[in-house]
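The next block holds one structure in the form of structure tokens; read it before the comments.
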Amino acid sequence: MSEDQPPARRRVYAFAAAVCVAAATGTVFGVVGLTAGGAVRVPWLLIAVGFALTEMFPVHFEHRREAVSFSLSTIPLVVGLYTVDPIGLVAAAVLGRGAALYFHRRSRGFKLAVNASMIWLEAVVAVLVFRSLSMGDTAGAMTWGAAFAAAMACDLVQTSVLATAISLYQRAWERGVLGSLVIGTLACLIDTCAALLAVTLLFDEPAALGFLVVVLAMLVVSYRIYSTLREQHQQLSQLYDFTSQMGDAVLAERVLPALLEQTRELMHAESAWMEDADTVGRIEVDRPELLDDGVMAAPLVGPDGNRMGTLVVGERSGEVRSFTGDDLRLFATLANHASVSLGNSQLLEQLREQAAYSEHQSLHDALTGLPNRVQFGQRLDARLALAEAGPVAVLLLDLDRFKDVNDTLGHPYGDALLREVGDRLRTALREGDMIARLGGDEFAVLLPDVRSADAAVHVARGIIAVLERPFHMPDMADVADVSVGIGASIGVAVAPQHGTEGHVLLQRADVAMYTAKADQTGVELYDLDRDDHTTQRLSLVGELREAIADGSLEVYYQPQVDLRSGRMLGVEALVRWVHPRHGFIAPDDFIPVAEQAGLIGPLTTFVLRRALGECARWRDEGRPLRVSVNLSARSLLQIALPAEVAALLAEADVPASLLCLELTETSMMVDPRRTVDTLHRLRSLGITIAIDDFGTGHSSLAYLKQLPVGEIKIDKSFVLGMRADRFDGAIVCSIIDLARHLLVPVVAEGVEDDDLARRLLDAGCAFGQGYGFGRAMPASELDEWMDARGRTVGSHERVAGTSP
Ligand code: C2E
Ligand code: CA
Ligand code: CA
């Protein structure tokens with residue numbers, strides 16, 4: 001025995017020794033000295049062989065899914081009680097069963113000790129019970145009860161010794177033993193009956209023992225058939241369990257583990273696993289197969305015929321150690337079910353992935369993988385909602401020369417550049433700062449934890465610095481390795497200083513960014529003080545937003561007239577705001593407020609929609625009038641502008657030829673490259689582009705030539721100045737000259753009287769607009785004006801008619 005016995009084993013050895021002592025005591029004081037009885041004598045060695053055989057071939061059956069096996073050793077025991085002398089029987093039991101245990105079952109160590117001592121005690125108790133109850137008789141009907149009692153006593157000894165040993169070993173009461181006691185008792189009764197039958201035949205008609213053997217053999221065969229049927233029935237119900245459990249597993253996302261566990265249980269196998277490949281070892285598996293090394297394998301095929309893997313089971317447990325044809329058929333059915341379950345679960349998985357993907361899509365920019373505007377807004381709001389929120393900064397970044405790259409090198413480079421910008425932004429920022437791409441070449445950065453506005457500006461300058469380093473574009477297609485430089489303009493707004501709401505901060509950062517771009521300063525912090533009437537304007541913002549939203553702004557229309565014929569060219573749409581308390585507010589006062597507050601987009605949309613609506617009406621009434629709408633510089637930077645204008649035209653069902661958009665030179669110069677693109681797209685829709693207030697702004701002629709300009713409007717200050725100032729007259733004349741060379745028609749603003757109209761016409765100006773013809777008026781008033789003018793057309797003819 002090993003040197004350091006675990007205490008559990010030591011306890012069991014001690015117990016086996018105690019059982020031995022009891023058995024020895026019984027042997028010495030009870031069994032020895034008992035005389036042999038009975039008429040027929042059988043050599044004790046034969047009985048020993050019987051014991052050995054019953055121990056070697058126990059009977060198995062399953063009870064509530066637990067395999068129970070018991071030996072038929074009661075038969076040789078009872079036969080021995082009648083035919084062998086007591087000490088011989090004890091020896092036969094110990095030797096026969098012991099040898100079977102040792103050699104056949106390979107029982108060793110403490111298990112062998114317990115079993116051997118138990119066998120000894122069983123035999124001694126059986127002899128003593130039989131002899132004391134049979135009152136000396138060794139044969140005849142009187143002894144049958146004694147035989148039953150002896151067998152039962154044996155069973156009791158066996159159960160209690162085993163239960164005690166197991167409990168000592170585990171230090172816990174073994175419940176399973178009780179179950180086997182019931183089965184053991186039943187088996188014991190049947191065995192005793194068979195043994196008594198054998199003994200009776202042996203005594204009276206030994207030759208008839210052959211019949212008994214036949215009957216017993218038939219019984220064994222019947223039992224085998226019964227247990228096979230029973231097993232098949234069990235398999236069916238287990239297969240049903242399997243299918244329904246797999247159904248649950250699909251939902252619980254535990255398909256594979258559940259599948260393997262169920263497979264093991266159903267196939268009585270120690271191991272089951274999935275091979276990802278179509279092969280097991282090197283053997284290709286394309287149908288359920290029993291392989292050479294005793295494993296079964298079956299292909300798992302998904303709903304669309306794709307191979308999902310190979311299901312393998314091995315190490316069959318239980319009495320039969322290798323898989324049979326029946327097992328393979330069952331396994332094939334199981335693999336079919338498994339394929340369906342696994343296929344379903346994969347479908348479900350795909351659906352989940354798709355859902356997660358679209359969730360990701362909705363919050364991320366597809367090109368750079370950065371968070372998008374939606375997510376940025378959410379994070380910003382969440383951060384601002386924190387109770388003791390320190391300063392939070394929003395940086396809005398717009399690339400300066402992105403369009404160049406995109407246009408000259410192509411979209412793949414543009415895309416690569418934007419990705420690279422995303423990467424570089426990361427390097428200029430700290431963990432926890434958020435970068436988002438808002439669209440086009442616009443990025444936003446959230447600094448959730450910034451010391452001060454100055455610190456935020458410092459970060460912004462750092463970003464400008466990393467973006468100023470040249471970008472080495474990857475070697476793509478026909479363009480070799482090129483390096484481009486792009487700059488950026490960044491607007492910074494800080495909470496709570498500049499606002500405590502996300503959309504306010506974004507909009508102020510946008511205003512600051514616009515300033516940075518226009519002034520070419522790189523970085524601008526939003527500046528409240530830049531506004532002259534800050535507080536007044538701020539209070540107006542909310543009301544202006546409401547006025548735009550509920551449509552309480554008005555649009556007036558001022559006629560534009562052909563100076564020669566007096567015919568109407570069209571009208572200019574001019575927005576009006578009659579404030580409930582402040583009364584009339586001039587557009588020159590509230591348009592800049594709208595620009596600063598980020599309201600210019602909605603305002604422009606509002607005016608466009610109204611004006612196009614009237615335009616459609618006039619056309620329907622037989623007066624096709626072109627409408628001119630003013631665009632602010634900010635609108636021109638919006639990439640979506642052309643698309644939006646096209647949509648509004650379609651909505652009003654007005655041809656683009658009836659729309660003119662007026663822009664100042666200055667607004668075109670803010671980001672010339674981008675502007676050119678937007679203007680061309682507008683022009684390609686068929687819209688006329690007019691340069692408003694021409695002569696007051698700064699623009700270069702070379703640049704103007706690139707623009708798709710369809711009209712030049714001379715600023716009213718020059719026109720009105722013509723009356724007193726010769727110099728203004730000269731400017732007006734040179735503008736008209738220039739326009740003639742560019743083949744662009746001219747509209748003079750501020751034509752307040754006939755004299756001016758005549759002089760303009762003389763100078764070669766074709767069209768005029770001014771109080772001399774009519775002020776800006778509501779649409780209904782303009783209708784009346786046009787009606788009246790139709791009757792008194794002569795007076796206007798007179799204005800025009802004075803020209804040569
Ligand atoms: P603008 O585009 O130069 O519009 C012409 C302005 O000159 C209008 O002023 C008009 O009423 C005025 N005007 C017309 N004829 C005469 C005249 O004979 N003599 C004089 N002294 N003035 C005349 P208003 O309506 O006050 O508009 C001022 C500015 O506001 C506009 O200048 C335009 O820049 C802006 N604006 C007006 N409506 C809109 C709009 O819907 N969107 C945008 N973005 N800006 C607008
Ligand atoms: Ca205008
Ligand atoms: Ca103007």
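When a ligand or atom number is given, it counts from 1 through the structure's own listing order.
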*Quick one: does NZ or CZ of R373 land under 6.0 Å from the six-membered ring centre of F376, within 45 degrees of the ring axis?*
no

*Would you mind telling me if ligand 1 is within reach of the side chain of V555, the backbone, both or neither, using heavy atoms under 4.0 Å?*
neither

*Find all atoms of ligand 1 within a distance of less than 4.0 Å from any non-hydrogen atom belonging to E749, and give their numbers and elements.*
3 (O)

*asked:* Quick check on G750 - does any of its heavy atoms sit under 4.0 Å from an atom of ligand 1?
replied: yes

*Atom indices of ligand 1, in the order listed, that fall short of 4.0 Å to a heavy atom of I591*: 43 (C), 45 (N), 46 (C)

_Per the ring-ring contact (aromatic ring centres under 6.0 Å, His included) rule, what does the pair list look like for residues 604-650, sequence neighbours excluded?_
Y557-W618

*Rounded distance (nearest 0.5 Å) linking atom CZ of R626 with atom CD of E711*: 4.0 Å

*asked:* So for E572, does at least one of its heavy atoms come nearer than 4.0 angstrom to any atom of ligand 1?
replied: yes

*To the nearest 0.5 Å, how far apart are CG in L659 and CG in L648?*
9.5 Å

_Electrostatic pair D737-R740, nearest N-O below 4.0 angstrom_ = yes

_Geometry at the Ca ion (ligand 2) - E662 OE1 versus D692 OD2 angle, rounded to 10 degrees_ = 90°

*Drop me the distance from L395's CG to L525's CG, to the nearest 0.5 angstrom.*
9.5 Å

*In ligand 1, which numbered atoms sit nearer than 4.0 Å to a non-hydrogen atom of S632?*
44 (N)

*Going by the order shown, which atoms of ligand 1 are within less than 4.0 Å of some heavy atom of V607?*
41 (O)

_4.5 Å side-chain heavy-atom contact, Q378 and L363_ = yes

*Which value, rounded to the nearest 0.5 Å, describes the distance between D562 atom CG and R567 atom CZ?*
7.0 Å

_R775 near ligand 1 by a heavy-atom separation under 4.0 Å_ = no

_For D693, atoms of ligand 1 separated by under 4.0 Å from a heavy atom_ = 3 (O)

_Distance under 4.0 Å to a non-hydrogen atom of E752: what atoms of ligand 1 satisfy this?_
17 (C), 18 (O), 19 (N), 20 (C), 21 (N)

_Inter-residue atom distance R758.CZ - D753.CG, 0.5 Å rounding_ = 9.0 Å

_Can you confirm, on distance only, whether ligand 1 has an N/O atom lying under 3.5 Å from any N/O atom belonging to Q769?_
no

*Please identify which atoms of ligand 1 are closer than 4.0 Å to at least one heavy atom of P587.*
24 (P), 25 (O), 26 (O), 27 (O), 28 (C), 30 (O), 37 (C)

_Nearest 0.5 Å, please: how far is CD1 in I463 from CD1 in I435?_
7.5 Å

_I'd like to know if the Ca ion (ligand 2) has an N/O/S atom from E572 within less than 3.0 Å of it, counting both backbone and side-chain atoms._
yes

*Got an N, O or S from S628 under 3.0 Å of the Ca ion (ligand 2)?*
no

